[in-house]
There are 2 protein chains.
Amino acid sequence: MSKIQNRSLYLEVADRVRELIEQGELAPGERISEKALCERFGVSRTPLREALKVLASEGLVELLTNRGARVMRLTVKMVKDTYDLMAALEGLSGELACQNISDEEIEAICRLHEEMLRHYQERNLMPYFRINQQIHESILAASGNEVLQEMYSNLSQRVKRVRYSKKMTDSFWRQAVQDHENMISALKARDGKRLGQILREHLCNKLEVASIAGMIEDDEELSVVNS
Amino acid sequence: MSKIQNRSLYLEVADRVRELIEQGELAPGERISEKALCERFGVSRTPLREALKVLASEGLVELLTNRGARVMRLTVKMVKDTYDLMAALEGLSGELACQNISDEEIEAICRLHEEMLRHYQERNLMPYFRINQQIHESILAASGNEVLQEMYSNLSQRVKRVRYSKKMTDSFWRQAVQDHENMISALKARDGKRLGQILREHLCNKLEVASIAGMIEDDEELSVVNS
DNA sequence: GAAATGAATATTGAATTCATAATATTTTTT
DNA sequence: AAAAAATATTATGAATTCAATATTCATTTC
């Protein structure tokens, strides 16, 4: 028996548009034609416009009155600000996780960590990133704070487009792995303060931003590199 | 010459509904009748429904497919989680503010602080809260991080309804004022780490939640006390 | 030839209409 | 009279229509 259809059309549409933006098929700053998207998705303008309003309040799209919608342009400052925020949220997630996490969850994270280390040793960047992200998400989940998770994933979504436009130098990479070693140790000790501290200072995110910042001017629009 | 009208109807409507929720005129869990609100505002269903979608993604309203909208119910856990988050964001705002704040801005905050002290000495609760909030907002603004400000004000909006349902005991109040003294000193010294720390631990918010939590069960719905 | 004006076109904003799902009411049955 | 079924009513979801606003393009003026 297939899932009962109980999702509204505007939610589907929002998902699809979100994908298009993430994939870069709709480029930053590009005008979003209601007509074109309606035809593409085979829906009327009503649910599409509702979806655009949702995406706007998620910060993925900007709506100009009487002038339609554009894909939100990312500036270096915005990305930098967003990562500062995400770092603070991760810090909080670490503190909370240490209070709430179960032994089983810790073990699961340790296993992910081991797996990540293997990818690091073999210098497999993409699998490394995938597991890396899973670790951070696991800690976030272990925090037990759903509002935090919701906020974090929104922020993460906003900057997803620039995520893969980075080159990881070897020394940065080594540092990141070291940070992770420390994280695991703090987590095992359930030392919330320390884990929070490590996560806040964990350079990974900030570095990639810095590397981008080197490429273009400060309040310049950010060009998105597709994978 | 008055400002040319360039705001969309759905934005106006969203503002008005937000007010109704904040004021408690629309109670938590209450069903929102599209028809009733349309008549009240004199608009058609289209802009109203768009507004509801925005409010839903702000977390003020929940939409049940085919079953209309309800004012989001707050549970003690949600409020607790939200305050934890806000504390972390305030901490970040303190750290960033110390990096960016101008001498003039510091002076303005000091003046607010003096004013707040006067209200404290005279035990004028509401004016005290008003200035208190202005101080926190000023620090937030001085952080220069607009994404942070946006997130914070969203979170703050969500829990505004329970804001006034607190009783401030004298010892808590004294502690809060002491925290503020320390904040000012850290700010003057531009000691970001310390200011961040103080703000994160600043009990004000957490206390009021704790006091509420004492009143009702943990995942119970929160009853809102109107002023 | 460039800038400015005005008509034509296209696009968005909002109201209305139509279809469908949920709720309330009445009727039937036991 | 209570429970169940059938019907009617209402409310929501989505498409369509109408109106207002921008944009484009041709024409005029300097």
Side-chain angles (χ1 to χ4, degrees), chain A residues 1-21 25-73, chain B residues 1-21 25-73:
Chain A
M1 185 176 175
S2 76
K3 177 99 182 289
I4 332 166
Q5 98 94 15
N6 56 354
R7 288 195 73 202
S8 302
L9 209 37
Y10 84 96
L11 288 173
E12 303 290 346
V13 172
D15 286 347
R16 303 258 325 249
V17 176
R18 226 179 263 118
E19 273 176 45
L20 291 181
I21 291 174
E25 197 161 336
L26 289 172
E30 183 180 335
R31 205 149 154 292
I32 296 176
S33 159
E34 293 183 3
K35 191 153 161 281
L37 282 189
C38 284
E39 283 165 8
R40 178 165 190 168
F41 298 146
V43 299
S44 78
R45 280 175 59 217
T46 308
L48 176 66
R49 302 184 92 242
E50 291 173 344
L52 288 178
K53 256 118 204 152
V54 171
L55 295 174
S57 67
E58 286 174 8
L60 290 173
V61 154
E62 53 185 336
L63 299 176
L64 316 164
T65 28
N66 292 321
R67 316 250 239 74
R70 320 186 98 80
V71 178
M72 184 66 85
R73 270 191 262 249
Chain B
M1 184 178 179
S2 76
K3 177 99 184 288
I4 20 177
Q5 88 97 19
N6 58 351
R7 288 195 71 196
S8 302
L9 209 39
Y10 84 97
L11 288 174
E12 301 293 345
V13 172
D15 286 347
R16 303 265 316 256
V17 177
R18 228 179 263 118
E19 272 175 47
L20 292 182
I21 292 175
E25 197 160 339
L26 290 172
E30 184 180 334
R31 204 147 155 290
I32 297 176
S33 159
E34 293 184 2
K35 190 153 162 282
L37 282 188
C38 285
E39 283 165 7
R40 178 165 190 167
F41 299 146
V43 300
S44 78
R45 281 175 59 216
T46 308
L48 175 68
R49 303 183 91 243
E50 291 174 344
L52 288 178
K53 256 117 204 154
V54 171
L55 295 175
S57 69
E58 286 175 8
L60 289 174
V61 154
E62 53 186 336
L63 299 176
L64 315 164
T65 28
N66 290 321
R67 315 251 236 74
R70 320 185 98 80
V71 179
M72 182 68 83
R73 269 191 263 250

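So you know, we letter chains A, B, ... as the sequences are listed, proteins then strands, and number each from 1. Bear in mind that the values here come from a model prediction, so they are computed numbers and not experimental data.
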To the nearest Å, give me how far apart CZ (R70(B)) and P (dA11(D)) are. 14 Å
Spacing of K53(A) atom NZ relative to dA14(C) atom P, expressed in whole Å: 7 Å
Expressed in angstrom and rounded to an integer, what is the separation of L63(B) atom CG from dA11(D) atom P? 17 Å
R7(A) and E12(A) ion-paired at < 4.0 Å: yes
Taking E25(B) first and then R40(B), would you say they form a salt bridge - that is, a charged N and a carboxylate O separated by under 4.0 Å? yes
Among side-chain atoms of T65(A) and S8(B), is any donor-acceptor pair under 3.5 angstrom? no
What about T46(A): does its side chain form a donor-acceptor pair under 3.5 Å with the base of dA15(D)? yes
Yes or no on side-chain contact (heavy atoms from CB on, under 4.5 Å) for L37(B) and V13(B), after CA distance, side-chain angles and deciding distance? CA-CA 9 Å; L37(B) 282 188; V13(B) 172; over 6 Å; no
Contacts of R18(B) that satisfy side-chain hydrogen bond (donor to acceptor under 3.5 Å, both in side chains) - sequence neighbours left out: D15(B), E58(B)
Just by modelled atom types, is the R16(A) backbone N or O under 3.5 Å from a matching donor or acceptor in the E19(A) side chain? no
Atom pairs under 3.5 Å, N or O on each side, protein against nucleotides 6-12 of chain C: can you list them with distances?
from, atom 1, to, atom 2, distance (Å)
dT11(C), O3', R31(A), NH2, 3.4
dT12(C), OP1, R31(A), NH2, 3.2

Could you state the CD-C1' distance from E39(A) to dT16(D), rounded to the nearest angstrom? 15 Å
Protein-nucleotide distance (E50(B), atom CD; dA14(D), atom P), rounded to Å: 13 Å
